[in-house]
Amino acid sequence: MPRIFRAFRAFTLSQCLRLRFLSLALLLLLSSYFLPHRLLAEERIVVDLARYDVPISTGFSGAELLLFGASPGEGDILIKVSGPAQSYLVMRKQRFAGLWMNGERVRVVGAPAFFHVLTSGSGEDNWLSSFKSSRRDFSIKDLYVDMLGTGELLSSADERQMFRDAFVRSQRELLLYGERPNSIERLGNNLFRANLSLPAGLPTGTYIVETFLVEEGRLLSAQSTPLFVRRSGSAAFVFEFAERYSFLYGFCAVLLALAAGFLANRLFVGR
Amino acid sequence: MNIYLPIAEISVNIFVLLGLGLGVGVLSGIFGVGGGFLMTPMLIFLGIPPAIAVGTEANQILASSTSGVLGHWRRGGVDIKMGSFLMAGGLFGSSLGVLLFTLLKNIGQIDFFIKVVYVLLLFSVASMMLVEGYIEYRRARILSRSGKSPSRARKKKRRSWTRMLPFKTRFRTSRLYISALLPLAIGSVVGVLAAMLGIGGGFVMIPAMIYILRMPPHTVTGTSLFQIIFVTANATFLQAGFNHAVDIVLALLLVLGGVIGAQLGVRWGRRIDAVQFRLLLALIVLGVCFGLLWELVVPPSELFSITEVR
């Protein structure tokens, strides 16, 4: 399977899109033949991604992630895509001699770098709220993040909430966090599909795509699939190099600039 | 067309970057300034993290100074001995600057510091240029009216304290006999500024060379560029090593735009009215200055800022 998707990467975008739809159509056709009765018997939800990895190359400016699958029965579907855990520093600006500068700070530890929840029904449905409250990380509101601060700051619940809200607000604005009700499209024959936009500033790491089938507030079936977001090509090389051998990278940057300067002088100034 | 900058970790329109390099390059070609003091704030406005804007600018200035110094070198406009003393101070200063930069970054105040110092710096540069432009304008008018050369009675003996310093050294190319402490001190101060602000420091260094060291005009620019090469090389190396703040892709794009822009600027510079254009540059600098000041003074719409920590 991975081999097929590695082959996908080699195609241009339009080819890739066309192929993906072709393969999706094929899969849907095949699955409508074979899958449903088998699935119904096993009561399992099956989901697949159009690709398992998202390469971030120098030209990366966001991507679309296509999820599709089949669910037994009429239950509601919830898809959660969460990125690797990451720590953040949240700082609040305060006025100092007429100028705004960073003041109190809180560390948010172990929050997912990416968190999106797609659901088949509207967010207000009863099934969802009862299901969500049964587990704590199915909505941004209930997402658990660890917060570390100095002094009295975090002993106040209001302050805690303010810093948490600010963090979530920032992540939402960067399109790293989001919740979209009614975003899973039913195609009939128990098939469904959903589309998730990945922003240009996508953090790298291993993501987990979890799909849940819920009926009357009861979890019937669940499946999880990994998704790999990694730098690729020259962007990956430069980043790795700068990170691992930072002084050698600095030395190379110096040499490169000197060479560029000499070249520029030869080409333009020297004459 | 967007390009993903691997170290800044954002995706920016490639033509905006090339255009920025071109624009600042044209200005630097016309006025003979490095342009770092305009480029770094512009990169910050574009959304490049201030720390990476500063580190990358050091790298870009290294390239543009290298191409600039070669011509001066051929014409004998580099006072190597003076340049070495300035450089020694500059290496010390830029190392100190990167250290201070790292400390400020770790306590989360580097962005604030960069903006505040830039506001002060740009304001003083702009007002200096305005005053100078006004004086030149007046002089040109007096000259055209009376036909006499302006009086040179204002040359005072102001060097008294600098003459009393020890470690007197002879600088042959510049025909000077002054204390070695002076270029060391000037080099250090400019080095700190260069490393922390992503500038070459020419617009601080050159007035200091003229008014404090009293160097002859034909060695000033070449010697300044000569020492900037070493200072920015040191700053690039240390910023990359300690702060991961140098984005080669960004630097190369800026160099590309900057080199072409500088050539155009040099050509146009011969044809345009220097006095009027200097006033224009002063206004541009003032505009950037107020842009930064605005960000500092106006209550921010978002009080919280979020940064990733490793």
Side-chain angles (χ1 to χ4, degrees), chain A residues 56-62 86-95 98-102 105 107-108 113 162-163 165-167 169-171 173 200-201 203 231 234-239 242-243 246-247 249-254 256-270, chain B residues 1-7 9-11 59-71 108-109 111-112 115-116 229 232-233 236-244 246-249 251-252 255-256 258-260 262-263 266 295-300 302-310:
Chain A
I56 298 186
S57 59
T58 312
F60 185 76
S61 56
Q86 168 78 43
S87 294
Y88 298 87
L89 190 64
V90 184
M91 292 183 284
R92 180 163 55 193
K93 288 198 174 61
Q94 59 191 46
R95 212 169 193 150
L99 306 176
W100 292 88
M101 67 187 293
N102 288 329
R105 65 202 52 216
R107 264 178 102 103
V108 172
M162 255 162 117
F163 274 91
D165 288 349
F167 170 69
R169 194 161 59 235
S170 156
Q171 294 292 77
E173 262 165 36
R231 288 182 189 77
S234 57
F237 174 75
V238 172
F239 181 83
E243 200 70 5
S246 59
F247 284 98
Y249 172 83
F251 187 67
C252 289
V254 169
L256 211 60
L258 284 173
F262 272 104
L263 193 70
N265 186 268
R266 264 289 158 81
L267 286 178
F268 303 106
V269 194
Chain B
M1 199 178 95
N2 278 23
I3 185 161
Y4 180 80
L5 303 173
I7 308 298
E9 297 193 71
I10 59 166
S11 172
N59 199 17
Q60 194 233 317
I61 295 165
L62 173 58
S64 58
S65 307
T66 306
S67 92
V69 82
L70 293 168
Q109 297 300 357
D111 298 3
F112 177 76
K115 282 182 188 166
V116 168
I229 287 176
T232 50
T236 301
F237 179 67
L238 295 176
Q239 287 281 19
F242 288 117
N243 293 328
H244 304 282
V246 179
D247 196 312
I248 287 189
V249 177
L252 283 181
V255 167
L256 189 65
V259 164
I260 298 168
Q263 295 316 307
V266 168
E295 284 187 10
L296 283 169
V297 173
V298 169
E302 175 62 69
L303 273 181
F304 293 86
S305 65
I306 284 92
T307 47
E308 275 179 44
V309 284
R310 286 166 204 218

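Letters A, B, ... are given to chains in the order of the sequence lines, protein chains preceding strands, and every chain is numbered from 1. Only a predicted model underlies this, so the values are computations on that prediction, with no experimental measurement involved.
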Under the side chain to side chain contact (heavy atoms under 4.5 Å, CB included) rule, what do A:Arg231 and B:Tyr4 come out as? Steps first, then yes or no, please. CA-CA 10 Å; A:Arg231 288 182 189 77; B:Tyr4 180 80; 3.9 Å; yes
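Proximity to chain A (any heavy atom under 4.5 Å) is shown, for B:Val69, by neither the backbone nor the side chain. Only the side chain of B:Val255 comes within less than 4.5 Å of a heavy atom of chain A; its backbone N, CA, C and O stay farther away. At a 4.5 Å heavy-atom cutoff, B:Ile10 makes no contact with chain A through either its backbone or its side chain. With a 4.5 angstrom heavy-atom cutoff, B:Phe304 touches chain A via backbone and side-chain atoms both. Both the backbone and the side chain of B:Ala233 come within contact range of chain A, judged by heavy atoms closer than 4.5 Å. Using a 4.5 Å cut-off between heavy atoms, B:Leu252 touches chain A through its side chain atoms alone. B:Thr307 touches chain A through backbone and side chain together, each having a heavy atom under 4.5 Å away. When heavy atoms are compared at a cutoff of 4.5 Å, B:Asp247 approaches chain A solely by way of its backbone atoms N, CA, C and O.
Residues B:Val297 and A:Leu99 are in side-chain contact: their nearest non-hydrogen atoms beyond the backbone lie under 4.5 Å apart.
Considering all non-hydrogen atoms of both residues, A:Trp100 and B:Leu303 come closest at CZ3-CD2, 3.7 Å.
Comment: B:Glu302 engages A:Arg169 in a salt bridge, judged by a side-chain N to carboxylate O separation of less than 4.0 angstrom.
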